[in-house]
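To start, the structure itself, in structure tokens.
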Protein chains: 2
Amino acid sequence: MITAEQILRKQDLRGTACRKFIINGLLNNDKALSENELKGESPELFDRVTFYRTLITLEESGIIHKIVLNDNSVKYALNSHHHNENNLHSHFHCEECDEVLCLEGKTRFEAELPDKFVSHGVFVVIEGFCADCASHIK
Amino acid sequence: MITAEQILRKQDLRGTACRKFIINGLLNNDKALSENELKGESPELFDRVTFYRTLITLEESGIIHKIVLNDNSVKYALNSHHHNENNLHSHFHCEECDEVLCLEGKTRFEAELPDKFVSHGVFVVIEGFCADCASHIK
DNA sequence: ACATGTAATGCAACAATGTTGCAAATATAA
DNA sequence: TTATATTTGCAACATTGTTGCATTACATGT
């Protein structure tokens, strides 16, 4: 099992408390998490500004990525080592329980862009119900 | 050419000034527009709350749709009458000039969802450069 | 283990965006 | 033209994102 410190080292980042806290939060969870979900029981542990700046640092270094949902809320997840051609980032968002899953490698996308347009990345959010919520709701 | 009033009538909505203003803004423009882009020269014409509430009303009635970009900014566009099977909403966002285009019917998407998951809609944002910006930037 | 320079943090203050309740104004149907 | 339900504007507030700067913590040399 890889540790937060190892992940940070690999990117030449210092192993600070806030960085380790966030990475460990994501390592212990297969879902994407929001700022508040990450903070969990200890919302005062780090200053809000530090938290934001740390998330930005981790995103810029390629350790995590940000998922912006249709309701303007934001979640974060660790990057998989998986790379695909058109830089396709797909996620599922359960409208009922608000859970977000990464759908790495399980999606395909094609687009006919207007002439001379250049794509740098594709961000997909599937909105719907997860298995649990689908069964509860009928 | 269809008018704002006709669009509102069809959805049993009153033809109020703010609604007509927004719909006309979008009718006169093939791009998706942000709140500030819609307000344009007259940002004080309507109260900000009215603007928000009107956008929500228009979205709920199916006249417009909201596009949430990766940088958390939001744009709005008229709904086309076009419907597709998996309820796929695709847009292109130019990272340079910030322009957003609807890519109606020009995209294809497939996903293998986990068992029993239900999809209600798919939202795609392609980030990149539009033709103009791609040529300027080289 | 310790001193050192650099990088990260916390604080204060602020900007932007989104939301609610309520009284006044307005659109439509009679 | 009037009645009535709907929409609007205002005030106040909540949430989220951002900046500058002094303080603190990290990692590297010794």
Next on the checklist: If I take atom CG in residue A:Leu58 and atom C1' in nucleotide C:dA8, what distance separates them, rounded to the nearest angstrom?
Outcome noted: 12 Å
Checklist entry - B:Thr57 near the nucleic acid: base, sugar-phosphate alone, or nothing, with a heavy-atom cut-off under 4.0 Å? => result nothing
Checklist entry - Is A:Glu99 salt-bridged to A:Lys75, cutoff N-O under 4.0 Å? => result no
Checklist entry - Can you tell me if A:Asn24 uses its side chain to pair, donor with acceptor, with the backbone of A:Lys20 under 3.5 Å? => result yes
Checklist entry - Quick one: B:Asn36 CG to C:dT17 P, roughly how many Å, whole number? => result 6 Å
Item to check | Flag side-chain contact, heavy atom, 4.5 Å: A:His120 against A:Val118 | outcome: yes
Checklist entry - Is it true that A:Phe123 and A:His91 have ring centroids separated by less than 6.0 Å? => result no
Checklist entry - Under a 4.5 Å cut-off applied to non-hydrogen side-chain atoms, are B:Lys31 and B:Leu101 in contact? => result yes
Item to check | Side-chain donor/acceptor contact of B:Arg53 with base of C:dG18 under 3.5 Å | outcome: no
Next on the checklist: Quick check: any donor-acceptor pair below 3.5 Å linking the side-chain of B:Arg48 to the base of C:dG18?
Outcome noted: yes
Item to check | Position toward the 5' end of DNA chain D (nearest nucleotide), B:Leu45 or A:Asn72 | outcome: B:Leu45
Checklist outcome for this item: When the rotation axes relating C1' atoms of four end pairs to the next four are compared across the helix from C:dA3-D:dT28 to C:dA30-D:dT1, five pairs an end, they differ to 10° by 40°
Item to check | DNA chain C contacts made by residues 6-22 of chain A, counting heavy atoms under 4.0 Å | outcome: A:Arg14, A:Thr16, A:Cys18, A:Arg19
Item to check | A:Ser73 side chain to A:Asp71 side chain, donor-acceptor N/O pair below 3.5 angstrom | outcome: yes
Checklist entry - Should the pair A:Arg9-A:Glu5 be classified as a salt bridge under the 4.0 Å nitrogen-to-oxygen rule? => result no
Next on the checklist: Whole angstroms only, please: what is the CZ-P distance between A:Phe51 and C:dC11?
Outcome noted: 15 Å
Checklist outcome for this item: First and last nt of DNA chain D near chain B, cut-off under 4.0 Å to heavy atoms, 5' to 3', are D:dA5 to D:dG17
Next on the checklist: Both B:Glu5 and B:Val49 contact DNA chain C. Which one's nearest nucleotide lies toward the 5' end?
Outcome noted: B:Val49
